[in-house]
Asker: 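First the structure, which I've put down as structure tokens, then a few questions once you've had a look.
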Amino acid sequence: MISVGETLPEATLTRMGAEGPEQVNMANLTKGRTVAIFAVPGAFTPTCHSAHVPSFIRSKDALAAKGVDEIICIAANDPFVMKAWAEATGADAAGITMLSDAECGFTDAIGMRLDAPAVGLVGRSLRYAMLVKDGEVAIMNAEENPGQCELSAGEGLLDAMG
């Protein structure tokens, strides 16, 4: 698992743009900026939908007041599902960036892959939140159980920021 002080790996994720899916380079997205990144096992899954995304919508202003330039949500779902989920949760209206890691390239590179075939989740992400400053991990809050959303909630990240 990636640790505090390490630099994010080279990775390209996908988001929905005005013209459809577009590629986003994580190094470019985080360069010279402070970014809150949280990842979920899956769009529309219970804890992700009812707890995790709402926690960052609630915390958005407090995170911005502490210098966070952007909040990014990552899931292994395709960019079309991520767009629909952003609309359903209000994440799009709140300005949260929804990124698709459908091939788990980023998730695998940071050691956060989740495979839980018994519940139909294969090639997904463990639940976490991190604060990244200029591409380097400043805070890493990973949940012990992907069904929990405490350390990785928006409020959990705020608490860790002090």
Asker: Please find the pair of heavy atoms, one from Ile37 and one from Leu8, that lie closest to each other, and give the distance.
Answerer: CD1-CD1, 4.0 Å
Asker: Would you check if the side chain of Ser152 reaches a backbone N or O of Cys149 as a donor-acceptor pair within less than 3.5 Å?
Answerer: no
Asker: What heavy-atom pair brings Ala142 and Tyr128 nearest, and what distance separates the two atoms?
Answerer: CA-CB, 3.9 Å
Asker: List the atom of Met98, the atom of Ala86, and the distance in Å for their closest heavy-atom pair.
Answerer: CG-CB, 3.6 Å
Asker: When the ring planes of Phe38 and Phe56 are compared, do they come out parallel, tilted or perpendicular, using 30° and 60° as the limits?
Answerer: parallel
Asker: Apply the test side chain to side chain donor-acceptor pair (under 3.5 Å) to residues Thr7 and Glu136: give CA-CA distance (whole Å), side-chain angles for both, the deciding distance (0.1 Å), then the verdict.
Answerer: CA-CA 4 Å; Thr7 300; Glu136 183 179 296; 4.9 Å; no
Asker: Is it the case that the side chain of Glu6 and the backbone of Ser3 share a donor-acceptor pair, with hydrogens and angles ignored and the cut-off at 3.5 Å?
Answerer: yes
Asker: Would you say Thr14 and Gln23 make side-chain contact, with heavy atoms under 4.5 Å?
Answerer: yes
Asker: Treat each ILVMFWY residue as a node, draw an edge where side-chain heavy atoms are under 4.5 Å apart, and state whether Ile72 and Val40 are in one component.
Answerer: no
Asker: Does the pair Val68 and Arg33 meet the rule for a side-chain contact (heavy atoms from CB on, under 4.5 Å), with working shown?
Answerer: CA-CA 8 Å; Val68 173; Arg33 305 173 72 223; over 6 Å; no
Asker: In the structure I gave you, are the side-chain heavy atoms of Asp115 and Arg124 within less than 4.5 Å of one another anywhere?
Answerer: no
Asker: Going from NZ on Lys66 to OG1 on Thr34, what distance comes out if it is rounded to the nearest 0.5 angstrom?
Answerer: 12.5 Å
Asker: Looking only at non-hydrogen atoms, find the nearest pair between Val4 and Met140 and report the distance.
Answerer: CG2-N, 3.9 Å
Asker: Would you say that Phe106 contacts Ser125 through its side chain, given a criterion of any heavy-atom pair below 4.5 Å between the two side chains?
Answerer: no
Asker: What's the spacing between Thr107 OG1 and Arg113 CZ if we round to 0.5 Å?
Answerer: 9.0 Å
Asker: Check step by step if side-chain contact (heavy atoms from CB on, under 4.5 Å) holds for Leu99 and Thr97.
Answerer: CA-CA 6 Å; Leu99 295 182; Thr97 301; 3.9 Å; yes
Asker: If two hydrophobic side chains count as joined below 4.5 Å and joins carry through other members, does Met1 share a cluster with Met26?
Answerer: yes
Asker: Is it true that atom CD of Glu103 has more than 12 heavy atoms of other residues, nucleotides or ligands lying nearer than 6.0 Å?
Answerer: no
Asker: Using a 6.0 Å cut-off, check whether atom NZ of Lys31 has over 12 heavy atoms from anything other than its own residue.
Answerer: no
Asker: When rounded to the nearest 0.5 angstrom, what is the spacing between OG1 in Thr47 and CD in Gln148?
Answerer: 9.5 Å
Asker: Looking only at non-hydrogen atoms, find the nearest pair between Glu10 and Asn25 and report the distance.
Answerer: OE1-ND2, 2.9 Å
Asker: Taking side chain as C-beta onward, heavy atoms only, is Arg127 less than 4.5 Å from Leu114?
Answerer: no
Asker: Give the intermediate values and the outcome of side-chain contact (heavy atoms from CB on, under 4.5 Å) for residues Ile139 and Met161.
Answerer: CA-CA 8 Å; Ile139 297 170; Met161 291 171 75; 3.6 Å; yes
Asker: Taking the side chain as every heavy atom from C-beta outward, state whether Lys60 and Ile71 have any pair of such atoms under 4.5 Å apart.
Answerer: yes
Asker: Does some side-chain heavy atom of Val24 sit less than 4.5 Å from a side-chain heavy atom of Thr12?
Answerer: no
Asker: Could you state whether Leu29 and Leu63 fall into the same hydrophobic cluster, counting links through intermediate Ile, Leu, Val, Met, Phe, Trp or Tyr residues with side-chain heavy atoms under 4.5 angstrom apart?
Answerer: no
Asker: Nearest 0.5 Å please: distance from the OG1 atom of Thr89 over to the CD1 atom of Ile57.
Answerer: 5.0 Å
Asker: Where do Ala62 and Leu158 come nearest, in terms of heavy atoms and distance?
Answerer: CB-CD1, 3.6 Å
Asker: Are Ser100 and Phe80 packed together at the side-chain level, in the sense that at least one heavy-atom pair is separated by less than 4.5 angstrom?
Answerer: no
Asker: Quick check against the 3.5 Å criterion: does Asp61 have a side-chain atom that pairs as donor or acceptor with the backbone of Ala65?
Answerer: no
Asker: For Asp101 and Ile74, indicate whether the former's side chain and the latter's backbone hold a donor-acceptor pair under 3.5 Å.
Answerer: no
Asker: Output the distance between atom OG1 (Thr45) and atom CG (Leu121), rounded to the nearest 0.5 Å.
Answerer: 7.0 Å
Asker: Determine, step by step, whether Phe44 and Asn77 satisfy the side-chain contact (heavy atoms from CB on, under 4.5 Å) criterion, reporting the C-alpha distance in whole Å, the side-chain angles of both residues, the deciding distance to 0.1 Å, and the verdict.
Answerer: CA-CA 10 Å; Phe44 293 105; Asn77 300 94; over 6 Å; no
Asker: Return the CD to OG distance between Glu155 and Ser55, rounded to the nearest 0.5 Å.
Answerer: 5.0 Å
Asker: How about Met16 and Met82: do any of their side-chain heavy atoms sit closer than 4.5 Å?
Answerer: no
Asker: Do Leu13 and Trp85 sit in one hydrophobic cluster, given that two such residues count as connected whenever their side-chain heavy atoms are within less than 4.5 Å of each other, even indirectly?
Answerer: no
